[in-house]
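So you know, we letter chains A, B, ... as the sequences are listed, proteins then strands, and number each from 1.
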Protein chains: 2
Amino acid sequence: MAFARKEEFAQKEIDLADFAKALAHPARIAILTALAEKRECICGDLVVDLPLAQSTVSQHLKILKDVGLIKGTIDGPRSRYCIDWKVFEKYRSQFGLWAEKMTKFRQDLCC
Amino acid sequence: MAFARKEEFAQKEIDLADFAKALAHPARIAILTALAEKRECICGDLVVDLPLAQSTVSQHLKILKDVGLIKGTIDGPRSRYCIDWKVFEKYRSQFGLWAEKMTKFRQDLCC
DNA sequence: ATCGTATATCGTGCTTATACGATAATAACA
DNA sequence: TGTTATTATCGTATAAGCACGATATACGAT
């Protein structure tokens, strides 16, 4: 972005935003859901299920992999992906704590 | 994006992605946190706290407002914003249910 | 009426995201 | 070795996001 001011925020805010950004596309939500339900998936399976080209799916997988939410292994000619639950739970808990803290301040009086 | 294929996904996936996108910048995380803690904020207060120009803060506020997470009222020469808790809780619960369902399938055997 | 303050919006430049086809790379198999 | 199947990467085009300054707007105060 123009001039990246993101570094000037608190690390906690950056982490939450990174997690959110990884989830900020329905295809990636769908991919994560599929990986959870099937426990593991080869790329081709996902391509069939999603309304996207193979290269685009691969790109979304890379985004999820870069943020650590999934990991992949090579299995013969194909790639096998699955969720890295430790990372998923780390982010989920981080978000949960933030949201909980948010609602502690809740007051419906304003505006 | 190139050709918006997002409409071809399930509504639940789109909703979750929209929520995530709204949170996908540390400035917006910071804004929401500040609004919760102070219960209400005028735009100027936020501009002071954030390392961003006034117009940029206003832009982030608009994004949060468009997705419904905050609402604003005019108060004399300034704008007063606060969190729309009904919407916040709706999204939070939606995400919580999704994450919970995800972890139900958790198995650490793969990869 | 004029001035000052606060905020939203416009215009602009740059970066990132999304999507695809084409190609490269890798491995199983004939 | 050559072929096929699967996936990643490259190149490219378009859209969206981010950031800013400048300007417009709205209101209160002088």
Side-chain angles (χ1 to χ4, degrees), chain A residues 1-9 13-14 17-31 34-35 40-67 70-82 111, chain B residues 1-9 13-14 17-31 34-35 40-67 70-82 111:
Chain A
M1 47 250 48
F3 288 106
R5 283 293 169 82
K6 292 186 183 172
E7 293 80 8
E8 305 181 30
F9 289 90
E13 291 159 357
I14 296 175
D18 285 343
F19 178 47
K21 189 181 290 186
L23 304 181
H25 194 290
R28 296 197 287 274
I29 298 284
I31 288 173
L35 289 183
E40 63 179 11
C41 265
I42 57 172
C43 178
D45 293 345
L46 296 168
V47 174
V48 176
D49 290 340
L50 298 174
L52 297 169
Q54 178 267 323
S55 57
T56 307
V57 173
S58 212
Q59 217 168 26
H60 283 300
L61 285 168
K62 181 167 165 38
I63 291 169
L64 290 171
K65 201 172 158 191
D66 285 346
V67 79
I70 66 174
K71 46 189 175 178
T73 52
I74 298 169
D75 177 25
R78 60 201 97 190
S79 287
R80 203 172 285 282
Y81 286 98
C82 66
C111 285
Chain B
M1 47 253 46
F3 285 107
R5 283 292 169 81
K6 293 187 182 171
E7 292 79 11
E8 303 179 31
F9 289 89
E13 292 160 354
I14 295 174
D18 284 343
F19 178 48
K21 189 180 292 185
L23 304 181
H25 194 289
R28 295 196 289 272
I29 299 283
I31 287 173
L35 290 182
E40 64 179 9
C41 266
I42 58 172
C43 179
D45 292 345
L46 296 167
V47 174
V48 176
D49 289 341
L50 298 174
L52 297 169
Q54 178 267 326
S55 57
T56 307
V57 173
S58 212
Q59 216 168 26
H60 284 301
L61 285 168
K62 181 167 164 41
I63 290 169
L64 290 171
K65 199 172 159 192
D66 285 346
V67 80
I70 66 174
K71 47 189 175 178
T73 52
I74 297 169
D75 176 25
R78 59 202 99 194
S79 286
R80 201 172 287 281
Y81 286 98
C82 64
C111 285

Writing each nucleotide of DNA chain D 5' to 3' as (, ), [, ], | or . by Watson-Crick or G-U pairing under 3.5 Å yields ||||||||||||||||||||||||||||||
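- The nearest whole Å value for the distance from the CZ atom in Arg80(B) to the P atom in dC27(D) is 15 Å.
- The distance between atom CG of Asp66(B) and atom P of dG17(D), rounded to the nearest whole Å, is 10 Å.
- For Ile63(A), the side-chain atoms get nearest to dT18(C) when compared with the rest of dT18(C), dT7(C), dA17(C).
- In this structure, His60(A) and Leu52(A) have side chains that are in contact, with non-hydrogen atoms separated by less than 4.5 Å.
- Within residues 48-59 of chain A, the residues that have a heavy atom under 4.0 Å from DNA chain D are, in order of number, Gln54(A), Ser55(A), Ser58(A).
- Taking only side-chain atoms of Pro77(B), from C-beta outward, the nucleotide of dA28(C), dG28(D), dT7(D) with the closest atom is dG28(D).
- Atom NE2 in His25(B) sits roughly 9 Å away from atom C1' in dG17(D) (whole-Å rounding).
- For the pair Tyr81(A) and dT6(D), the criterion of a side-chain N or O lying under 4.0 Å from OP1 or OP2 is not met.
- The side chain of Lys62(B) lies closest to dT9(C), out of dC18(D), dT9(C), dA6(C).
- Comparing dT7(C), dT7(D), dA19(C) by their closest approach to the side chain of Arg78(A) singles out dT7(D).
- As a whole-Å value, the separation of Ile42(A) CD1 from dA5(D) P is 14 Å.
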